[in-house]
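What follows is a single structure, written as structure tokens, with notes after it.
The structure presented is a predicted model; accordingly, all values stated were derived computationally and were not measured.
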Amino acid sequence: MAKNTCAICGAEVNIFTGQQLADKTHICRKVCAKKCLKIFDFVPATIDEVKSHIEQVEKGTKVWNQIFVPLQKTKVKEEKLKRFGEPLYVSPSTGLMALVETRYKFIVFGKSQLACVYRIADLASYEYEEETVKNSEGKEEKKEFCRMFFHNTAGLYSFRFEISNSLEFKSLEKYFDTLFGIQKTLGNSINNAKKQWAAIKDVAGAVKAAATGAEDVEEKAAAAAESLGTYLEGDRTELIAKADAALAKVQY
């Protein structure tokens, strides 16, 4: 039986005790793989991506314990957490959100929690997904999920979690749309149109500057990108400031 070495801890592994990664390196299942969230997919990952995720979980778990756990007991309305599905907690007062995995030692007696924590401002997309699976009785049933993708994120930058139904996703979608100031309602159509027109003018200005060889073409292009990004994603300046301030207080 072929033997390999865990690229993280150096332990000797084989086909049963090790996990091969996309770059043909291996990690041990007993110790190092358990430092990752269970939803992390090892097959397409490289050793550098696994190491980034392990660091992400280590830091995220400390943030979870120091910031989110106390907020679960808060009586202050503005500081209360918003929860979606089983694992996702959102803290608009700190500009952070956490994907949490609870592990039980023996059935339901004794537990530990691991977490990946993200800046809300880095949430790039939230999409509805569904798939048909067979249950324990062999019957087909529909499973519904929310898929999230984050930019500026090393490690687990995309994941999905199960939701009860499409109505729950609609609630989540409305929550984040409102949080980012990009509500998709008739009442906001005029405001959104103004933002769109401003973005179009900025892009047009950058194109014209490039065509005429203007010296400030880079500045115009940057302004256009920022304007278009704000229109598409909303103004996230305040959320960024809150997240940075909260993370600065965490003791790693």
Side-chain angles (χ1 to χ4, degrees), residues 8 32-41 45-103 111-127 146-161 172-182 222 225-226 229-230 232-252:
I8 296 178
C32 295
K34 289 185 177 180
K35 295 179 180 179
C36 300
L37 296 190
K38 293 179 180 178
I39 64 172
F40 185 80
D41 190 355
T46 65
I47 187 60
D48 288 338
E49 290 170 336
V50 172
K51 289 180 178 178
S52 291
H53 177 54
I54 290 176
E55 182 180 2
Q56 178 188 31
V57 172
E58 290 175 349
K59 289 184 176 180
T61 301
K62 291 179 180 179
V63 177
W64 167 255
N65 288 325
Q66 293 179 43
I67 293 181
F68 284 81
V69 171
L71 287 178
Q72 287 182 299
K73 303 175 183 179
T74 185
K75 301 296 183 180
V76 182
K77 181 179 179 181
E78 292 75 18
E79 295 180 352
K80 288 186 177 295
L81 301 176
K82 181 70 175 179
R83 188 176 184 182
F84 293 102
E86 181 69 24
L88 191 70
Y89 295 80
V90 184
S91 171
S93 66
T94 65
L96 301 171
M97 57 195 299
L99 176 69
V100 182
E101 178 183 300
T102 301
R103 297 182 179 180
K111 68 178 182 179
S112 61
Q113 291 179 308
L114 300 180
C116 286
V117 173
Y118 305 84
R119 298 195 313 176
I120 297 175
D122 290 333
L123 179 58
S125 66
Y126 31 102
E127 305 292 339
C146 174
R147 165 77 65 181
M148 290 188 158
F149 177 84
F150 296 81
H151 52 58
N152 304 320
T153 302
L156 186 66
Y157 58 84
S158 179
F159 60 83
R160 73 176 188 176
F161 59 95
L172 177 149
E173 182 181 42
K174 181 179 180 181
Y175 176 83
F176 283 106
D177 282 351
T178 303
L179 194 62
F180 296 140
I182 51 176
E226 182 177 357
T230 299
L232 294 174
E233 297 187 345
D235 186 356
R236 308 189 180 192
T237 307
E238 184 178 353
L239 287 169
I240 293 173
K242 287 182 178 180
D244 290 346
L247 292 174
K249 298 177 182 178
V250 177
Q251 296 181 357
Y252 296 107

What orientation do Phe159 and Phe161 show, parallel under 30°, tilted 30 to 60°, or perpendicular over 60°?
tilted

Under 3.5 Å donor-acceptor, Gln56 side chain and Leu156 backbone:
yes

Keeping Gln113 on the side-chain end and Val100 on the backbone end, is there a donor-acceptor pair under 3.5 Å?
no

Around atom OH of Tyr157, are there more than 12 heavy atoms from other residues, nucleotides or ligands closer than 6.0 Å?
no

Main-chain N/O of His151 paired with Thr153 side-chain donor or acceptor, under 3.5 Å
yes

Would you check, one step at a time, whether the test side-chain contact (heavy atoms from CB on, under 4.5 Å) holds for Tyr89 with Leu71?
CA-CA 11 Å; Tyr89 295 80; Leu71 287 178; over 6 Å; no

Quick one: does Ser91's side chain have a donor or acceptor within less than 3.5 Å of a partner on Met97's backbone?
no

May I ask you to decide if Met148's main-chain N or O and Ser158's side chain share a donor-acceptor pair within less than 3.5 Å?
yes

Side-chain (His53) to main-chain (Lys35) donor-acceptor, under 3.5 angstrom
no

Salt-bridge test for Arg119 and Asp244: reply yes if a basic N is under 4.0 Å from a carboxylate O, no otherwise.
yes

Students often mix this up, so state it plainly: with edges at 30° and 60°, are the rings of Phe84 and Phe176 parallel, tilted or perpendicular?
tilted

Can Glu58 and Lys62 be counted as an ion pair, charged N to O under 4.0 angstrom?
no

Test Tyr118 against Asn152 for side-chain contact (heavy atoms from CB on, under 4.5 Å), laying out the working first.
CA-CA 10 Å; Tyr118 305 84; Asn152 304 320; over 6 Å; no

Working for side-chain contact (heavy atoms from CB on, under 4.5 Å), residues Thr94 and Lys249
CA-CA 11 Å; Thr94 65; Lys249 298 177 182 178; over 6 Å; no

Hey, mind stepping through Lys51 and Glu55 against salt bridge (charged side-chain N to carboxylate O under 4.0 Å, His left out) and telling me if it holds?
CA-CA 6 Å; Lys51 289 180 178 178; Glu55 182 180 2; over 6 Å; no

So do the side chains of Ile39 and Leu99 get within less than 4.5 Å of each other, counting heavy atoms only?
yes

